[in-house]
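As structure tokens, the structure follows; a few thoughts come after it.
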Amino acid sequence: MSVLTFHSAGESHGRGCFAFLEGLPYGLAVDTDFIDAQLKRRQGGYGRGGRMKIESDKAEALSGVRHGKTMGAPVVLAVWNKDFRLEKAPELDCPRPGHADLAGHLKFGAPIRDILERASARETAARVAAGALCRLLLKEFGIEIRSHVVRTGPVAVPQDFAPSWEGLAKADASEVRCLHAASEPKMKDVIDQAKKEGDTVGGVYEIVVQGLPIGLGDHTQWDRKLDGRIAQAMMSIQAMKGVEIGTGFANAAKTGRDVHDAIEYRKPLGQDPAGGFMRPTNGAGGLEGGITNGAPLVVRVAMKPISTLMKPLPSVKLSTGEPTQADIERSDFCALPAASVVGENFLAFVLAQALCEKLGGDSIEEMKRNYEGYVKHLSQPRGGKSGGSGKAEDSSE
Ligand SMILES: Cc1cc2nc3c(=O)[nH]c(=O)nc-3n(C[C@H](O)[C@H](O)[C@H](O)COP(=O)(O)O)c2cc1C
């Protein structure tokens with residue numbers, strides 16, 4: 001089904017994190033400064049532990065790139081680890097609640113170290129490198145992604161707080177990536193307090209995408225619906241436990257009249273990826289029936305508090321079954337700002353995958369030709385082509 005695929009390899013303290021991307025078109029300019037800037041954003045944020053001070057992540061293209069452009073061949077990006085000590089890393093005996101430690105050990109019969117090395121969120125460096133490259137593809141089509149933090153632990157921005165698109169560009173200026181001035185210092189206090197108490201914090205971030213054409217994703221099969229694909233991708237990021245599209249959870253308490261977005265048509269000026277069909281509201285978050293509808297895509301993701309606690313929870317010794325406290329590894333106290341950067345970039349992979357499906361094409365040039373033809377078609381008046389009678393239909397199941 002998918003023409004673009006992504007896989008990662010690598011361990012937290014192995015040689016590095018590796019991203020395998022297959023299906024990128026020929027001729028995409030690979031701006032390594034942009035990719036490295038995304039990797040740097042992933043390393044930042046208030047509440048990080050010691051590891052990020054050791055690493056200074058940069059991506060190296062090992063294959064599929066020549067003269068600064070993709071070759072239409074599989075691309076491998078490497079992010080080398082400075083903290084490479086896999087063979088000498090200490091073994092753990094007391095599994096940490098909230099991690100894959102116990103289940104992984106029992107499932108594979110492997111030492112906890114072998115499980116945690118791969119389960120670690122260090123893997124997100126590979127996702128960001130690959131996602132940033134996909135983001136360069138999206139940029140070619142005017143698609144841009146931004147994000148901000150809307151909750152850190154108990155501190156949430158007001159429900160009606162909706163920064164402008166321009167405002168969202170300023171989130172990186174905040175160490176907690178929060179744009180609400182009154183909430184920002186409270187979020188830092190929550191993280192400071194948790195750190196003092198040997199505890200950790202999670203939260204929620206929101207990602208907004210502008211410039212998506214109508215028609216990415218597909219209503220015809222469960223695994224082609226873009227909302228489902230986004231949810232899977234976001235949920236697969238370490239520690240993400242909730243995904244919401246548009247005003248998803250709040251919608252459940254409302255009636256249809258207050259949730260769904262009316263449809264308007266305005267004659268488009270030039271080529272419009274929404275084809276002149278406008279939505280005055282965006283409760284759907286840019287997706288209807290698993291297909292982008294031309295409105296901005298809005299995705300919220302909930303991150304659980306970091307699992308490794310400096311004041312550890314009860315656990316047992318695997319060797320004896322004796323009760324004890326969980327082991328401690330060097331750890332973040334809050335990684336929400338970094339997680340929002342991971343979310344942005346990994347979402348770029350899912351959207352690039354859907355864009356490649358829609359536009360086909362072996363090269364970026366061909367994709368652009370196909371895009372132009374497609375959005376031109378969207379802008380045409382429908383004439384008699386809608387096939388509808390204008391009469392009420394039975395829309396029950
Ligand atoms: C950017 C980022 C950094 C993370 N850093 C840590 C960390 O330092 N310590 C930790 O215990 N968990 C950290 N996590 C979360 C764990 O990797 C994750 O909770 C764990 O692998 C279990 O997976 P699950 O929570 O998805 O079930 C981080 C997650 C992300 C996205």
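Heavy atoms only: backbone and side chains are in, while hydrogens, waters and symmetry mates are out. As the structure lists them, so they are numbered: ligands from 1, and atoms in each ligand from 1.
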* Asked: Among side-chain atoms of Gln38 and Arg41, is any donor-acceptor pair under 3.5 angstrom?
  -> yes
* Would you indicate which of Ser307, Ala338, Gly98 comes nearest to atom 22 (C) of ligand 1 when only heavy atoms are counted? => Gly98
* Decide whether an N or O pair under 3.5 Å exists between Lys304 and ligand 1. => yes
* **Contact check: Ser120 vs ligand 1, nitrogen or oxygen atoms, below 3.5 angstrom** => no
* Gln221, CD atom: more than 12 neighbouring heavy atoms under 6.0 Å -> yes
* So does Arg330 pair up with Asp83, basic N to acidic O under 4.0 Å? -> yes
* Thinking salt bridges, do Lys139 and Glu144 make one under a 4.0 Å N-O criterion? -> yes
* In the protein, which heavy atom is nearest to atom 9 (N) of ligand 1, and how far is it? -> Ser331 OG, 2.8 Å
* Is any NZ, NE, NH1 or NH2 atom of the basic residue among Lys40 and Asp172 found under 4.0 Å from an Asp or Glu carboxylate oxygen of the other? -> no
* Asked: Any N/O of Arg330 closer than 3.5 Å to an N/O of ligand 1?
  -> no
* Asked: With only distance considered, is Arg48 within less than 3.5 Å of ligand 1 through an N or O on each side?
  -> no
* **Close-contact set for ligand 1 against Ala119 heavy atoms, below 4.0 Å** => 21 (O)
* Are any of the side-chain heavy atoms of Val176 and Leu336 separated by less than 4.5 Å? -> no
* Ligand-side contact atoms (ligand 1) for residue partner Ala335, heavy atom cut-off under 4.0 Å -> 2 (C), 3 (C), 4 (C)
* Taking N or O atoms only and a 3.5 Å limit, does Gln238 qualify as a polar contact for ligand 1? -> no
* Tell me whether the centres of the aromatic rings in Phe346 and Phe349 are closer together than 6.0 Å. => yes
* Structure fact -> Near Thr308 (heavy-atom distance under 4.0 Å), the atoms of ligand 1 are 9 (N), 10 (C), 11 (O)
* To do: Check whether any side-chain heavy atom of Ser307 lies under 4.5 Å from a side-chain heavy atom of His99, and answer yes or no.
  => yes
* Report yes or no: does a heavy atom of Lys241 sit under 4.0 Å from some atom of ligand 1? => yes
* Within a reach of under 6.0 Å around NZ of Lys254, are more than 12 heavy atoms found that belong to other residues, nucleotides or ligands? -> yes
* Structure fact -> Closest to atom 5 (N) of ligand 1 among protein heavy atoms sits Asp332 OD2, 2.9 Å
* Before signing off on this row, confirm whether Ala239 and ligand 1 have an N or O atom pair separated by under 3.5 Å. => yes
* Answer yes or no for Arg96: is there a heavy-atom contact with ligand 1 below 4.0 Å? => no
* Structure fact -> closest protein heavy atom to atom 20 (C) of ligand 1 is His99 ND1, 3.6 Å
* Nearest protein heavy atom with distance in Å, relative to atom 29 (C) of ligand 1 -> Ala121 CB, 3.3 Å
* Kindly indicate whether the side chain of Phe141, heavy atoms from C-beta on, has any atom under 4.5 Å from the side chain of Met367. => yes
* To do: Could you tell me if any non-hydrogen atom of Gly49 lies under 4.0 Å from any atom of ligand 1?
  => no
* Stepwise, does the side-chain hydrogen bond (donor to acceptor under 3.5 Å, both in side chains) test hold for Gln43 with Glu55? -> CA-CA 8 Å; Gln43 287 197 258; Glu55 304 294 342; over 6 Å; no
* Can you tell me if Arg127 and Ser8 form a side-chain donor-acceptor pair at under 3.5 Å? -> no
* Relative to the heavy atoms of Met240, which atoms of ligand 1 are at a distance of less than 4.0 Å? -> 31 (C)
* To do: List the closest protein heavy-atom neighbour of atom 14 (N) of ligand 1: residue, atom name, distance to the nearest 0.1 Å.
  => Ile306 CD1, 3.7 Å
